[in-house]
Number of protein chains: 2
Amino acid sequence: MSLKVERASLAEQVKEILINRIIEGKYKGGERLIELAVAKDLGVSQAPVREAFQQLVAMRILESEPHKGTRVREITDCEMGESTMVRGYLEEAAARHAVHALKDKLDDLRAEVQGMLDALEKGNFVAVAKHNVNFHRAIVHASGNQVLISVWESLAFEAKSRLCAQKAAYSVMLNGVKSCEPIIEAFSRGDGETAGRLLRLQTEKCGDVQKTATQRLTPADLHKALAAYKPAAT
Amino acid sequence: MSLKVERASLAEQVKEILINRIIEGKYKGGERLIELAVAKDLGVSQAPVREAFQQLVAMRILESEPHKGTRVREITDCEMGESTMVRGYLEEAAARHAVHALKDKLDDLRAEVQGMLDALEKGNFVAVAKHNVNFHRAIVHASGNQVLISVWESLAFEAKSRLCAQKAAYSVMLNGVKSCEPIIEAFSRGDGETAGRLLRLQTEKCGDVQKTATQRLTPADLHKALAAYKPAAT
DNA sequence: GGAATTTCGATTATCGATAATCTATATTAC
DNA sequence: GTAATATAGATTATCGATAATCGAAATTCC
């Protein structure tokens with residue numbers, strides 16, 4: 001009996017593969033992607049590739065003009081900032097409505113923060129980004145607002161944050177992790193207003209740093225900072 | 001010499017047609033749409049129809065499950081409320097960033113408000129909805145934030161508000177129009193903060209009324225209210 | 001030599017047909 | 001009679017091929 005777990009359409013699979021290739025840098029920003037070429041490469045026909053392209057265009061990961069072709073979008077710092085700002089407002093909205101549902105999910109949030117700290121210590125920035133996404137996603141989903149969830153997911157926070165995982169300064173990451181705890185604390189008090197404001201401010205700060213700062217901590221600095229921080233965390 | 005202005009792909013044209021048919025009620029909520037049937041009906045092949053379907057799914061106007069089919073989504077009052085809430089937060093964000101760009105576009109906003117009043121007087125609720133959309137769109141686009149614009153457009157406020165144009169209570173409409181002027185006034189003072197808050201509160205009120213109120217003004221009441229309101233407007 | 005035009009190769013957009021999958025009905029076994 | 005299974009019809013997912021369109025190189029004309 002064959003297991004046959006391939007429960008995703010070809011288009012879906014192609015989409016996943018393309019996202020990974022873009023994240024891994026196999027397809028650089030600005031590079032042209034040709035439907036038939038990708039199709040041949042993956043051993044499928046043009047149709048599912050075209051379908052995957054369209055979904056990635058909707059996620060603003062690819063861009064296309066009729067009859068002119070499709071290429072990998074350059075996610076500029078500017079756009080990353082714009083996206084972050086929008087995300088901030090969405091999460092502020094989510095927080096205000098998620099208070100009740102989060103009451104007995106606070107430990108999940110704490111677990112994600114701990115996951116970030118662990119990953120940060122190991123220098124595994126992709127993992128940090130992943131836990132960070134989970135932290136924010138949990139809040140958004142707890143809002144129960146389906147439209148809000150769908151819009152938030154469409155920002156492709158996950159993909160973009162992994163794309164920029166290398167770029168991100170260590171300092172930003174540590175500060176980002178630190179700023180999660182007051183948020184959890186606000187939720188535990190049932191104060192969605194404050195939690196929301198903190199979430200939005202987090203994105204504003206993030207945007208600023210992304211724009212201005214190129215000063216980065218060395219791994220050694222990071223380790224020192226972590227050591228000083230952890231006692232308070234546990 | 002043929003004019004040949006058909007500068008839209010078949011998929012695009014199909015999409016427009018489908019949206020109109022849904023708005024006009026030719027396709028009811030919950031109704032199943034079959035790719036090949038629509039294709040045959042419109043005299044095109046399955047591919048562009050499928051493409052149009054996918055875009056409408058992304059706009060949450062259709063819903064589809066793999067291998068099971070695609071149907072017209074029922075836009076419940078609940079979802080309309082959710083969507084309105086998200087829109088409110090987005091527009092609040094937009095307002096804060098649009099202040100400068102709007103400085104010399106205030107007359108455009110005023111024109112849309114006047115358009116709403118005129119249309120309201122004529123009882124043309126679809127036109128009211130259209131001007132209302134334009135009012136909000138102008139603010140969002142003035143923000144200059146491409147991500148924000150794209151997300152806002154994806155809410156398909158236009159389509160949904162036309163869908164609900166019949167449903168909407170006269171009172172809501174009149175109140176909606178009234179509440180536009182303080183917003184313009186705030187923009188004229190350069191106070192994006194207040195304009196933003198007003199925009200968001202507008203959506204909150206709208207949501208409430210949508211939920212609770214079924215009491216509607218009669219056309220006669222509407223006319224009286226308009227007469228009392230207009231002097232202040234001019 | 002340079003601007004306008006033509007031609008050609010490459011790529012997207014669309015088509016018609018087939019394969020894979022689902023839903024509901026019919027059939028069988030108990 | 002009921003539950004499990006098999007069959008049939010309908011619909012989606014995918015394919016391979018063709019038509020429409022684009023961009024650049026080649027050509028013509030001044």
Side-chain angles (χ1 to χ4, degrees), chain A residues 1-19 21-22 26-74, chain B residues 1-19 21-22 26-74:
Chain A
M1 50 183 88
S2 66
L3 210 7
K4 219 177 188 197
V5 201
E6 37 161 328
R7 295 240 42 93
S9 70
L10 278 187
E12 211 67 29
Q13 295 180 43
V14 171
K15 183 176 117 186
E16 293 301 325
I17 291 174
L18 291 180
I19 288 181
R21 288 192 178 177
I22 292 170
K26 184 163 175 179
Y27 296 143
K28 321 278 181 190
E31 183 171 341
R32 177 93 177 277
L33 290 189
I34 285 127
E35 294 180 357
L36 280 173
V38 173
K40 193 176 175 186
D41 183 23
L42 298 180
V44 299
S45 82
Q46 188 187 356
V49 173
R50 190 176 166 80
E51 206 166 316
F53 276 21
Q54 283 167 12
Q55 296 189 34
L56 294 176
V57 167
M59 294 167 78
R60 310 187 107 240
I61 291 176
L62 298 181
E63 60 187 343
S64 87
E65 286 185 280
H67 291 290
K68 294 182 82 175
T70 303
R71 50 185 69 244
V72 180
R73 278 193 43 143
E74 308 261 14
Chain B
M1 50 182 85
S2 65
L3 209 9
K4 223 183 185 193
V5 200
E6 37 162 327
R7 293 240 41 88
S9 70
L10 279 187
E12 211 67 32
Q13 295 179 43
V14 171
K15 184 176 117 186
E16 293 302 326
I17 291 174
L18 291 179
I19 288 181
R21 287 192 178 177
I22 292 171
K26 183 163 176 181
Y27 296 143
K28 321 277 180 191
E31 182 171 341
R32 177 94 179 277
L33 289 189
I34 285 128
E35 295 180 356
L36 279 174
V38 174
K40 193 176 174 187
D41 182 24
L42 298 180
V44 299
S45 82
Q46 188 186 357
V49 173
R50 191 176 166 79
E51 206 167 314
F53 276 21
Q54 283 167 13
Q55 296 189 33
L56 294 176
V57 167
M59 293 166 79
R60 309 188 107 238
I61 291 176
L62 299 182
E63 61 187 342
S64 86
E65 286 184 278
H67 293 290
K68 294 181 84 173
T70 304
R71 50 185 69 244
V72 180
R73 278 193 44 144
E74 307 261 17

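Below, each value reflects all heavy atoms present in this structure, side chains not excepted, and no hydrogens, waters or symmetry copies. Throughout, protein chains are lettered first and strands after them, A, B, ... in sequence-line order, and every chain is numbered starting at 1.
Here Lys28(A) does not pair with Glu31(A) in a salt bridge; the nearest charged N to carboxylate O distance is not below 4.0 Å.
Atom CD in Glu35(B) sits about 15 Å away from atom P in dC22(C), given to the nearest Å. The CG atom of Asp41(B) sits 17 Å away from the C1' atom of dT11(D) (whole-angstrom rounding). The interatomic distance linking Leu42(B) (CG) with dC15(C) (C1') rounds to 15 Å, in whole Å. Glu12(B) has its CD atom 15 Å from the C1' atom of dT14(C), to the nearest Å. If you take NZ of Lys40(A) and C1' of dG16(D), they are 14 Å apart, rounded to a whole angstrom. Summarising the geometry, the separation between CG on Leu36(B) and C1' on dG9(D) is reported as 14 Å, rounded to the nearest angstrom. Summarising the geometry, the separation between CG on Leu10(B) and P on dA19(D) is reported as 15 Å, rounded to the nearest angstrom. The distance between atom CD of Gln54(A) and atom P of dT14(D), rounded to the nearest whole Å, is 13 Å.
Rounding to the nearest 0.5 Å gives a distance of 12.0 Å between CG of Leu62(B) and CZ of Arg32(B). The distance from atom CD of Gln46(B) to atom CD1 of Ile34(B), rounded to the nearest 0.5 Å, is 11.5 Å. Between the CZ atom of Arg71(B) and the CD atom of Glu65(B) there is a distance of 9.0 Å, given to the nearest 0.5 Å. Taking CD1 of Ile61(A) as the reference point, atom OH of Tyr27(A) lies at 14.0 Å (rounded to 0.5 Å). Remark: Lys26(A) NZ to Leu18(A) CG distance equals 10.5 Å, nearest 0.5 Å. Distance check: Ser45(B) OG to Arg50(B) CZ gives 11.5 Å after rounding to the nearest 0.5 Å.
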Where do Ile19(B) and Met59(B) land on the side-chain contact (heavy atoms from CB on, under 4.5 Å) test, with the steps shown first? CA-CA 11 Å; Ile19(B) 288 181; Met59(B) 293 166 79; 4.3 Å; yes

Go through the steps to decide whether Lys15(B) and Glu12(B) satisfy the test side-chain contact (heavy atoms from CB on, under 4.5 Å), and finish with yes or no. CA-CA 5 Å; Lys15(B) 184 176 117 186; Glu12(B) 211 67 32; 3.5 Å; yes

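Only Val44(B), Ser45(B), Gln46(B), Ala47(B), Pro48(B), listed by number, bring a heavy atom of residues 44-52 of chain B to less than 4.0 angstrom from any atom of DNA chain C. Residues of residues 62-69 of chain A having a heavy atom closer than 4.0 Å to DNA chain C, listed by number: Pro66(A), His67(A), Gly69(A).
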